[in-house]
Amino acid sequence: MQRREFIRLLSGATAAWPLPAWAQRAPRQHRIAFVHSGIPAGQLTETAGPFWVRRFHETLRGLGYAEGANIVVERYSAEGRSEHFASLAAAVVGRDPQVIVVNLNDLVEAFAAATTTIPIVAIMGDPIATGLVANLAHPGGNLTGVSIDAGYEIVAKRLQILKEAVPLAAKVAYLTSSRIFMDTSLGLSLQKAGQGLGIALTWNFLPEVK
């Protein structure tokens with residue numbers, strides 16, 4: 001076969017190559033920015049990270065997303081320096097990832113200020129008290145995620161569950177930080193919940209760390 005005929009044949013075969021076959025050979029890679037307030041970036045992996053970081057990657061894999069195959073994970077750390085939150089958020093948003101995973105309310109707030117379009121998946125404390133969202137069920141905007149503290153209104157539900165489990169419970173000791181107790185509405189919320197359930201509450205304060 002002449003060289004010119006071979007090139008013409010190869011060109012025709014390439015043009016006729018089915019599109020799904022190309023897609024299988026070059027799967028689309030989604031980019032995730034994984035940002036932590038303190039953990040070094042090199043430890044935000046499926047093998048080196050703490051339990052919840054490893055579980056995050058395991059869950060992605062279970063959903064069919066594998067790093068190096070169809071996702072790229074870009075890792076960042078603020079290294080515990082809150083003064084760098086805003087500049088870090090700007091740098092990450094400038095990379096234009098498809099989704100941002102981030103922790104800590106103050107760092108989440110920096111990202112919420114940096115973008116209103118890139119989805120932010122946050123692991124945070126009470127997002128209502130800090131003004132990140134107005135409603136847990138419908139946070140709105142581009143912010144979603146998991147709250148490790150859904151607000152002090154949940155303490156009533158906890159006491160209710162305790163009363164259901166131990167119907168004769170009449171006195172409950174609550175262990176908390178004196179700073180949190182004095183500076184927030186936690187004490188009032190607990191007192192109201194206890195009165196409604198017929199439970200007397202006593203307070204035990206943790207020693208403050210200097």
Side-chain angles (χ1 to χ4, degrees), residues 34-40 43-44 48-59 76-86 88-89 100-113 119-210:
F34 198 163
V35 190
H36 198 276
S37 58
I39 296 176
Q43 295 181 16
L44 299 174
F51 172 78
W52 69 268
V53 173
R54 299 196 306 271
R55 179 56 58 87
F56 169 80
H57 289 285
E58 290 171 2
T59 302
Y76 307 86
S77 174
E79 299 178 346
R81 303 176 67 177
S82 58
E83 67 271 19
H84 290 169
F85 284 0
L88 177 60
I100 297 169
V101 180
V102 62
N103 80 305
L104 192 69
N105 286 50
D106 289 346
L107 187 53
V108 174
E109 186 175 357
F111 275 92
I120 300 172
V121 180
I123 303 167
M124 53 193 159
D126 184 356
I128 295 179
T130 52
L132 286 169
V133 300
N135 186 288
L136 288 178
H138 304 284
N142 60 325
L143 178 63
T144 187
V146 177
S147 172
I148 60 174
D149 179 2
Y152 295 127
E153 67 272 11
I154 202 169
V155 297
K157 177 58 67 175
R158 291 172 179 165
L159 281 176
Q160 180 182 341
I161 294 173
L162 177 62
K163 187 70 173 180
E164 292 175 357
V166 188
L168 297 179
K171 187 176 183 179
V172 172
Y174 199 91
L175 182 65
T176 185
S177 162
S178 60
R179 178 181 57 83
I180 294 176
F181 181 82
M182 299 298 181
D183 296 345
T184 68
S185 60
L186 173 61
L188 182 60
S189 298
L190 281 168
Q191 287 175 348
K192 289 183 177 179
Q195 290 171 359
L197 294 168
I199 294 176
L201 294 169
T202 60
W203 315 106
N204 294 274
F205 297 124
L206 294 166
E208 297 295 332
V209 178
K210 302 295 185 182

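Scope of the values below: all heavy atoms of this structure, side chains included, with no hydrogens, waters or symmetry mates.
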A.B. asks: Counting only N and O atoms by type, is there a donor-acceptor contact under 3.5 Å from the side chain of Ser147 to the main-chain atoms of Gly125?
C.D. replies: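 Yes.
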A.B. asks: How would you list, by chain and number, every residue that makes a side chain to side chain contact (heavy atoms under 4.5 Å, CB included) with Leu197, sequence neighbours excluded?
C.D. replies: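 For Leu197, the residues satisfying side chain to side chain contact (heavy atoms under 4.5 Å, CB included) (neighbours in sequence not counted) are Leu159, Gln160, Ile199.
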A.B. asks: A side-chain contact here means heavy atoms from C-beta on lying under 4.5 Å apart; do Asp106 and Ser82 qualify?
C.D. replies: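 Of all side-chain heavy-atom pairs linking Ser82 with Asp106, none is under 4.5 Å.
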A.B. asks: Rounded to the nearest 0.5 Å, how far apart are CD1 of Ile120 and CD of Glu109?
C.D. replies: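 Here the interatomic distance stands at 11.0 Å.
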A.B. asks: Listed by chain and number, what are the ring pair (Phe, Tyr, Trp, His ring centres under 6.0 Å) partners of Tyr76, not counting sequence neighbours?
C.D. replies: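 If we apply the ring pair (Phe, Tyr, Trp, His ring centres under 6.0 Å) test to Tyr76, skipping adjacent residues, there are no hits.
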A.B. asks: Could you list the residues that satisfy side chain to side chain contact (heavy atoms under 4.5 Å, CB included) with Ala112, not counting sequence neighbours?
C.D. replies: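 Residues passing side chain to side chain contact (heavy atoms under 4.5 Å, CB included) with Ala112: none at all.
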A.B. asks: Do Val53 and Gln43 have side chains that approach each other closer than 4.5 Å (heavy atoms only, starting at C-beta)?
C.D. replies: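 The answer is no; the side chains never approach within 4.5 Å.
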A.B. asks: Considering all heavy atoms of both residues, which atom of Leu107 and which atom of Asn103 are nearest to each other, and what is their separation?
C.D. replies: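 It is CB-O, 3.4 Å.
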A.B. asks: Side chains of Ile128 and Val133: closer than 4.5 Å at any heavy-atom pair?
C.D. replies: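 They are in side-chain contact.
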A.B. asks: Sequence neighbours left out, what passes salt bridge (charged side-chain N to carboxylate O under 4.0 Å, His left out) with Glu164? Give chain and number order.
C.D. replies: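 Result, salt bridge (charged side-chain N to carboxylate O under 4.0 Å, His left out) vs Glu164: none returned.
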A.B. asks: Run the salt bridge (charged side-chain N to carboxylate O under 4.0 Å, His left out) test against Arg55 and tell me which residues pass, sequence neighbours left out.
C.D. replies: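 Glu58.
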A.B. asks: With the side chain counted from C-beta on, respond yes when Trp203 and Leu201 share a heavy-atom pair under 4.5 Å apart, and no when they do not.
C.D. replies: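 With C-beta onward as the side chain, the pair touches.
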A.B. asks: Taking His138 for the side chain and Gly140 for the main chain, is one N or O donor matched with an acceptor at less than 3.5 Å?
C.D. replies: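 No, because the side chain of His138 does not come within donor-acceptor range (under 3.5 Å) of the backbone of Gly140.
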A.B. asks: What pairs with Ser77 under side-chain hydrogen bond (donor to acceptor under 3.5 Å, both in side chains), at least two apart in sequence or on another chain?
C.D. replies: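 For Ser77 there are no side-chain hydrogen bond (donor to acceptor under 3.5 Å, both in side chains) partners, ignoring immediate neighbours.
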A.B. asks: Which label fits Phe34 and His57: parallel for a plane angle under 30°, tilted from 30 to 60°, or perpendicular past 60°?
C.D. replies: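 Tilted, since the angle between the ring planes falls between 30° and 60°.
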A.B. asks: Considering all heavy atoms of both residues, which atom of Phe85 and which atom of Ala78 are nearest to each other, and what is their separation?
C.D. replies: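 Closest approach of Phe85 to Ala78: CE1-CB, 3.5 Å.
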